[in-house]
**Q** 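Dropping the structure in here first, questions after.
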Amino acid sequence: MMKGNKKMARLETRRGLRRGAVLAGSLTLAVATLAACTPGGSAAPAPSETADSGPVTIKWWDYYQEGAAATQLTELHDEYQAENPNVTIDREFIAYADLKQSLLQSAGAGSLPDVVVINSPDHQQFAELGIASDLDDKLADWGELDAYPEGVIASATYEDSVYGLPISANCLAIFYNKAMLEEAGIEPPTTWEEMEEAAAALTTPEHYGFAYSAINNQQAVFQYLPALWQSGGDLYDLTSDEAVASLDYWAGLMDAGSVSQEALNWDQAAVATEFAQGRAAMMINGPWQLPFLETEAPDLDYGVALLPAGEEEASVTGGENYMIIAGANEDASWDLLKWLQKPENVTPMNVAGGSLPTRTDIDPFPDNETIGTFTDQLQVARPRAYGPAYAEIADQVVVALQSRMTGTATSEDALTTAANAIAPLLP
Amino acid sequence: MSSDTLTDPRGVGTAPPPRGGRSRSLQWLDSLGRYGFVLPAIIFLIVFMLYPLVYTFNLSLFDVNAGNFLTGGAPFVGLENYVQFLSSPAFIPSLTITLVFTIGSLVFQHSIGFMFALFFNKGFPLSGLLRALMLVVWVLPAVVSASLWRWIFSGSYGLFNAFLALFGIQSSEPWLVNPATALPAVIIANIWVGIPFHMMLLYAGLQGVPIQLYEAAAIDGASAWQKFWRITVPMMRPVIVIALLLGFVHTFKVFDLIYVMTAGGPAGATNVLSIEVYKLSFEYFRFGDGAAAANILLIIPLLLSALYLWLRRREESTL
């Protein structure tokens, strides 16, 4: 007996250790992919000098994987440091999936970075946390805020103050496989009815007519919101006839078999893979997939079209913002940000990131038809500026989407449940 | 059971501490030395176990959210976070799913693990190697096994549907996106992960059952079935109980496997308590609510462990 018990105790400890390690590991790995993760706290504490006197170290966090955007940013950083020898930029990679947690932890430990690249719908949540610097006075002195599209600035606005500037902007549109549409003799759809017909006609045993993401996270909401807005509805009134119609339209594409049931497990990258491999004739996705399609499917002949309109035209904008953290290096960080926002520095960043122009006074992609379509689409695109509780709101909307798509609830019931859950969360 | 008393550390082996002939200061030093030896363990427990527990409990009594987490000044709300979580529409479904997941996993993990343990206890050629291979499953990081099962259960190119096709069942059902099949699917994955754990514990326990008992039973003409129920199970009872208890605690708080396979979906069909806790704290920044929910997640296995210890003590005192 005793022998067994001892062995058991050993097993138990080992399993316990393993569990812990796995949990910690999985949080890092789950969404983040393999990346050279550097834990926070290794950088020297920021010196307290102001921008124009003495050496300053700006601690910078972003989640750019190796690639064109990361390289471009490094070049800009190097250039800025060469022009300003007193400034050192200490750049650190934080995996996107870890960003929220890392910011919280370093805020608790009092070792926050000075500039953070942040996903725009998270911006208000961090502004609420009180760690972001209020840029109102600085922006007034600077006087260039008018050069930015309203929707882009709205994502960085919290309680009427602006807490950041955009690094990239994007919006959703339709990608279509030219060969498949030609074969079926179909033009890219411009209305909901045409969309339903086209998606059905393009569905064959080899491929689905259309692909979207309905995965159990914010990406599904990002992709559904345009349909909700096209109907004339909004998250503020999810029980309206318009909202119900929009969900019937969106989920109906799956009911009709034009969209695979597996969309419930696809993120936007998986949707792009389906399209790249010819398993979907059309997809809804953003311009950041253009570099992906170029490398993964160089022979694919595709076009980009505006999202089909319902009662009105609409799309959704996303992107990244720069957020300055309140603290001793605010002014130095602001100088860096102003420099990065110069049209000649914004342009190469937009090109490298497959992102749309973040300023209205630049043209990073002259005569590029694809980007031109996205830029047109951006004119009717709206931000997800639903306040600091957006993450929770989005989760409730996902449940509504998935309940409807899996047939466990009607559109009315699913949306009523979601409407009740999000009512106290909306600003 | 006699071997228990023989090897009892409090028992015969220890000589009584020497008395007299020693000054008080030496005795004091001696006891200080002894405390010195346990000090690292005590410090470890306080820093890594007690402090987080107390901190979480304290956090759960305040309405801590994004707005006041860093600035401080969160209002004291007593047990309101607990009431709010227990009465939230997510709680009952989440608890039910967690219990179904835990019990469903445990029953199969344990009984299949037991069969493997009995099988390996026969000691056939290469059994050691095969047993080691079984452990690979257990050593595999959960992210890896979860990704594997995600692929197995996917619709058009999943292995499970291909397996069904062998029996003439044509299916392209995406098992993880159907609310009716998602929970059974993650349970099956978790059963697969947990079998080696139960097998190892039970196998170790089987080694301790004296062979003489079986020999005596064989002389009395007992059948294999009788030997199992009358000898193996009663002799193995402490091991069975601890395997089930540990299994329950581990399974009740499983996060990684489900997070990777379904993230709680579709439509909340696999939304276990641990995922709810994670979302509250790290996605919604509702730290007070998250802490209260975490404590509720903690308390259920804790009560079960206490029950086990109590049963065990009662059992020992009757012996």
Side-chain angles (χ1 to χ4, degrees), chain A residues 1-8 11-12 15-16 18-19 21-23 25-27 29-31 100-101 104 107-108 125-131 214-217 220 260-265 279 388-389 391-392 394-395 398-409 414 417 420-421 425, chain B residues 1 3-4 6-7 65-71 89 138-139 141-143 146 150 154-156 172-174 176-180 197 200-201 204-209 235 238-239 242-243 246 250 253 255-257 259-260 262-269 271 278-280 282-286:
Chain A
M1 259 316 93
M2 200 55 206
K3 200 176 144 208
N5 280 341
K6 252 193 215 153
K7 224 178 210 174
M8 234 155 16
L11 285 173
E12 176 193 349
R15 188 171 160 88
R18 192 184 66 94
R19 274 275 173 212
V22 162
L23 184 65
S26 72
L27 288 179
L29 272 170
V31 212
K100 277 189 181 187
Q101 238 174 308
L104 280 176
Q125 200 178 13
F126 280 99
E128 188 196 21
L129 211 48
I131 59 173
I215 197 173
N216 188 22
N217 66 37
S260 167
Q261 274 268 318
E262 304 236 15
L264 286 145
N265 236 348
R279 289 197 294 266
E392 194 169 356
D395 268 7
V398 174
V399 172
L401 288 175
Q402 293 199 330
S403 312
R404 168 62 180 82
M405 286 171 179
T406 56
T408 44
T417 310
N420 291 335
L425 303 169
Chain B
M1 281 297 141
S3 63
D4 265 340
L6 268 182
T7 45
N65 54 43
N68 57 29
F69 176 59
L70 297 172
T71 47
W138 181 49
V139 175
V143 182
R150 224 185 110 122
S154 83
S156 28
S172 59
E173 176 74 37
L176 289 176
V177 303
N178 181 337
F197 169 72
M200 287 310 288
L201 284 186
L206 282 174
Q207 304 278 296
V209 181
M235 287 302 286
V239 184
I242 203 156
L246 291 177
H250 290 147
K253 62 184 173 60
F255 170 80
D256 34 22
L257 184 91
Y259 193 75
V260 174
T262 61
N271 196 30
Y278 175 82
K279 282 199 242 169
L280 281 174
F282 295 114
E283 282 181 14
Y284 309 157
F285 294 176
R286 281 163 48 184

**Q** Name the region of A:Arg279, side chain, backbone, both or neither, that has any atom closer than 4.5 Å to a heavy atom of chain B.
**A** side chain
**Q** Could you have a look at A:Met405, A:Gln402, A:Lys100, A:Arg404 and say which one has the most heavy-atom pairs with chain B under 4.5 angstrom?
**A** A:Gln402
**Q** Name all residues meeting the ring pair (Phe, Tyr, Trp, His ring centres under 6.0 Å) criterion together with A:Phe126; count only those two or more places apart in sequence or in a different chain, and write none if there are none.
**A** B:Phe285
**Q** For the interface with chain B, which of A:Leu425, A:Leu104, A:Val398 has the highest count of heavy-atom pairs at distances below 4.5 Å?
**A** A:Leu104
**Q** Just say parallel, tilted or perpendicular for the rings of B:Phe255 and B:Tyr259, cut-offs at 30° and 60°.
**A** parallel
**Q** Measuring heavy-atom distances to chain A, does B:Ser154 have an atom under 4.5 Å in its side chain, in its backbone, in both, or in neither?
**A** both
**Q** Is the side chain of A:Thr408 donor-acceptor paired with the backbone N or O of A:Ser403 at a distance under 3.5 Å, no angle test?
**A** yes
**Q** Classify the ring geometry of B:Phe197 against B:His250: parallel below 30°, tilted from 30° to 60°, perpendicular beyond 60°.
**A** perpendicular
**Q** Under 3.5 Å, side chain of A:Gln125 to main-chain N/O of B:Glu283, donor-acceptor pair present?
**A** yes
**Q** Is chain B contacted by the side chain of A:Ala389, its backbone, both, or neither, given a heavy-atom distance below 4.5 Å?
**A** neither
**Q** Taking every non-hydrogen pair under 4.5 Å, which of A:Val399, A:Asn265, A:Thr417 racks up the most with chain B?
**A** A:Asn265
